[in-house]
Amino acid sequence: MKRVVRTAAITAGLVLASCGQETRPDTAAPAPPPRTLTIGIKFDQPGLSTRGPDGKPRGFDVDTAVYIAGKLGVQPEHITWREARSDQRENLLNSGTVDFVVASYSITAGRQQLVSFAGPYLLAGQDLLVRQSERGITRPEDLNGRTVCTAEGSTSAEKIRRSFARSVELSTRDTYDRCVADLIAGTVDAVSTDDVILAGFAAEHVGTLKLVGHRFTRERYGVGIRKGDIDLQARITSAIRMMIADGSWRRAMETHLSATGYRPFAAPLVFNAPDRALTPADPTTLDPDLLRTTRAIAATSNARDWEGFRTLVCPETADAIDEIVTHYTPQYDKSLATEVKNAGFTNTITGVTQTDPNAATFVFHEAFTNVPEKYKQYFKDIDYTGTMVRRNGEWKLCALDADFVEP
């Protein structure tokens, strides 16, 4: 009897449940909330990142941040923008206030002790912004006895004092907007930071301000990440590579920076800074022909035997590799020209690994000599990573990446 009653109760329950399903709304699990990101950005850099009339930021840095967010699965409407002034960036990252920072953030050895970087996504060079009527300032050495302004937390003015003009007077403001206002008012003689930033201000004040047009450092802008977040670092670096490869980088450059008169460097070589060191393999385990070829690559480069060098390179990538090598070699630099004509370099193989019979990787260190002290920030030593492929029994260099070695 108990079993009959229990069966009836269960049956009634099922009937009630089915009736309820007909009258209640859909009870399917709700969709998960959309992913969100908080990104640190600057609001005072024309061409890179400023607030538009609608209050939303726009510029090259903004487009870069939006592209990266998209590759991380976050749509623009789910991004929260947080101002990241130069002196605030490390605190914003390491406190977890922002997920990453895209704010003209130069990769330096000191900053790498505090945060991690992905990229770089842009190369820039320090320059000077002066009044249109100024005739006495054409290079940083002309700033002795003059006053230069830069933003708090920036290292730009101190670089001038240390390497170019020891008696320069330094002025700092919390934003570059205020430095520019001081320049227009005549209370400072120049504003110094990277040319890509200054070109934007010059374009905003045509006829009043001008860019000197003499780059004297080379700055690599990276995406700042909380120290040690290797996974996010790798994912953002991958996104930057895709942005350059699919043409989005060039389109953002043309949209936001070409109109300012900025003369950009080529798209940067993107690495995952700081790169993991290559552990050299035991030479006795490597193909002897591989070792001979890598040594020949270093030897022909050191001898400036570029025709011999090209015979060791894959034909389809020879032009791209030539561009990399000459772009970072003082004698071929078009900006400084005669000032570094006596500079030299030496390449040394520091490690070779062989992943299979037909593929290998090697690293060689390029050390520069006779570079004037004031341009050590422009020509830093370089670690090149080469990808080797064996075709028809011959090893060839088919790809080359470069990473500046921070002093």
T50 side, atom OG1; H256 side, atom NE2 - distance, nearest 0.5 Å
9.0 Å
Who passes side-chain contact (heavy atoms from CB on, under 4.5 Å) against R226, sequence neighbours left out?
N94, D229
How long is the straight-line distance from CG of D287 back to CD of Q354, given to the nearest 0.5 Å?
5.5 Å
For the residue pair A165 and P140, what are the closest heavy atoms and their distance?
CB-O, 3.6 Å
Is a side-chain donor or acceptor of S116 paired with a backbone partner of G228 at a separation under 3.5 angstrom?
yes
Side chains of Q45 and Y176: any donor to acceptor distance under 3.5 Å?
no
Could you measure the distance from the NE2 atom of H214 to the CG atom of D195? Nearest 0.5 Å is fine.
11.5 Å
Rounding to 0.5 Å, atoms CD1 (I244) and CE (M253) come to a distance of 9.5 Å
Could you please spell out the steps behind the salt bridge (Lys or Arg N to Asp or Glu O under 4.0 Å) verdict for D319 and R310?
CA-CA 9 Å; D319 289 343; R310 280 183 73 100; 3.3 Å; yes
Nearest non-hydrogen partners of Y262 and L123, listed with the distance:
OH-O, 3.0 Å
Would you indicate whether the side-chain heavy atoms of V62 and W81 approach each other to under 4.5 Å?
yes
Indicate yes or no: at least one non-hydrogen side-chain atom of F43 is less than 4.5 angstrom from one of S49.
no
Test your reading of the model: is there a side-chain donor-acceptor pair from R146 to the backbone of V168, 3.5 Å cut-off?
no
Do the side chain of K159 and the main chain of F164 share a donor and acceptor less than 3.5 angstrom apart?
no
Please confirm whether the backbone N or O of K396 pairs with a side-chain atom of R391, one donor and one acceptor, at under 3.5 Å?
no
Backbone N/O of S163 and side chain of R166: donor-acceptor pair under 3.5 Å
no
Is it true that D174 and R178 have a side-chain N and a carboxylate O under 4.0 angstrom from each other?
yes
When you measure from the side chain of T300 to the backbone N and O of A296, does any donor-acceptor pair fall under 3.5 Å?
yes
Less than 4.5 Å apart, side chain to side chain, heavy atoms only: is that true for F362 and L397?
yes
Considering all heavy atoms of both residues, which atom of S156 and which atom of S192 are nearest to each other, and what is their separation?
CB-O, 3.5 Å
Determine the sole option in V196, V191, I197, V212 for which the side chain to side chain contact (heavy atoms under 4.5 Å, CB included) test with D127 is passed.
V212
So T36 and T80, side chain to side chain contact (heavy atoms under 4.5 Å, CB included) or not? Walk me through it.
CA-CA 8 Å; T36 62; T80 298; 5.9 Å; no
Say whether, by atom type as modelled, one donor and one acceptor occur between the side chain of T217 and the main chain of Q126 under 3.5 angstrom.
yes
Could you pull out the closest heavy-atom pair between N144 and S167, with the gap in Å?
OD1-OG, 2.7 Å
Do D289 and T293 get their side chains close enough for a donor-acceptor pair, meaning under 3.5 Å?
no
Quick one: does T64's side chain get under 4.5 Å of W249's, heavy atoms only?
no
Using ring-ring contact (aromatic ring centres under 6.0 Å, His included) as the criterion, list what pairs up with F309, not counting sequence neighbours.
W306
Residues forming a side-chain contact (heavy atoms from CB on, under 4.5 Å) with N392, sequence neighbours excluded:
none
Any side-chain heavy-atom pair of V101 and I39 under 4.5 Å
no
Knowing that exactly one of E219, E90, K42 qualifies, which makes a side-chain hydrogen bond (donor to acceptor under 3.5 Å, both in side chains) with Y105?
E90
What heavy-atom pair brings A103 and A84 nearest, and what distance separates the two atoms?
CB-O, 4.1 Å
Are more than 12 heavy atoms, taken from residues, nucleotides or ligands other than E394, located less than 6.0 Å from that residue's CD atom?
no
Can you tell me if T350 uses its side chain to pair, donor with acceptor, with the backbone of V363 under 3.5 Å?
yes
Are the side chains of I382 and F345 in touch, meaning some heavy atoms are under 4.5 Å apart?
no
When the ring planes of Y121 and F60 are compared, do they come out parallel, tilted or perpendicular, using 30° and 60° as the limits?
parallel
So, using side-chain contact (heavy atoms from CB on, under 4.5 Å) as the criterion, who are the partners of D246 when residues are at least two apart?
Y67, S248, R251
Scan the side chains in residues 179-189 for donor-acceptor partners under 3.5 Å anywhere in the protein, sequence neighbours excluded, and list what turns up.
from: D182; atom 1: OD2; to: R173; atom 2: NE; distance (Å): 3.2
from: T187; atom 1: OG1; to: D182; atom 2: O; distance (Å): 3.2
from: D189; atom 1: OD2; to: T147; atom 2: N; distance (Å): 2.8

Report the C-alpha separation of I236 and I225 in whole Å, then their side-chain angles, then the decisive distance to 0.1 Å, and conclude whether the side chain to side chain contact (heavy atoms under 4.5 Å, CB included) test is met.
CA-CA 9 Å; I236 292 178; I225 302 161; 4.0 Å; yes
Can you confirm whether T346 sits close enough to E366 that some side-chain heavy atom of one is under 4.5 Å from a side-chain heavy atom of the other?
no
Nearest non-hydrogen partners of F100 and L37, listed with the distance:
CE2-CD1, 3.9 Å
Any donor-acceptor pair under 3.5 Å from R111 side chain to S106 backbone:
yes
Any chance CZ of R58 has more than 12 other-residue heavy atoms, nucleotides or ligands included, within less than 6.0 Å?
yes
Rounded distance (nearest 0.5 Å) linking atom CZ of F364 with atom CD1 of I297
7.5 Å
Working note: V98 + L93, criterion side chain to side chain contact (heavy atoms under 4.5 Å, CB included); need CA distance, chi angles, decisive distance, verdict.
CA-CA 6 Å; V98 299; L93 285 168; 3.9 Å; yes
Supply the atom-to-atom distance L312 CG to R295 CZ, rounded to the nearest 0.5 angstrom.
14.0 Å
Apply the test side chain to side chain contact (heavy atoms under 4.5 Å, CB included) to residues L170 and R161: give CA-CA distance (whole Å), side-chain angles for both, the deciding distance (0.1 Å), then the verdict.
CA-CA 8 Å; L170 307 183; R161 173 181 277 173; 3.6 Å; yes
Any side-chain donor near an acceptor of the partner, N347 and Y384, under 3.5 Å
no
Within residues 61-83 or reaching into it, pairs that qualify as salt bridge (charged side-chain N to carboxylate O under 4.0 Å, His left out) - sequence neighbours excluded:
E83-R85
Using side-chain heavy atoms (C-beta onward) and a distance below 4.5 Å, is M242 in contact with I240?
no
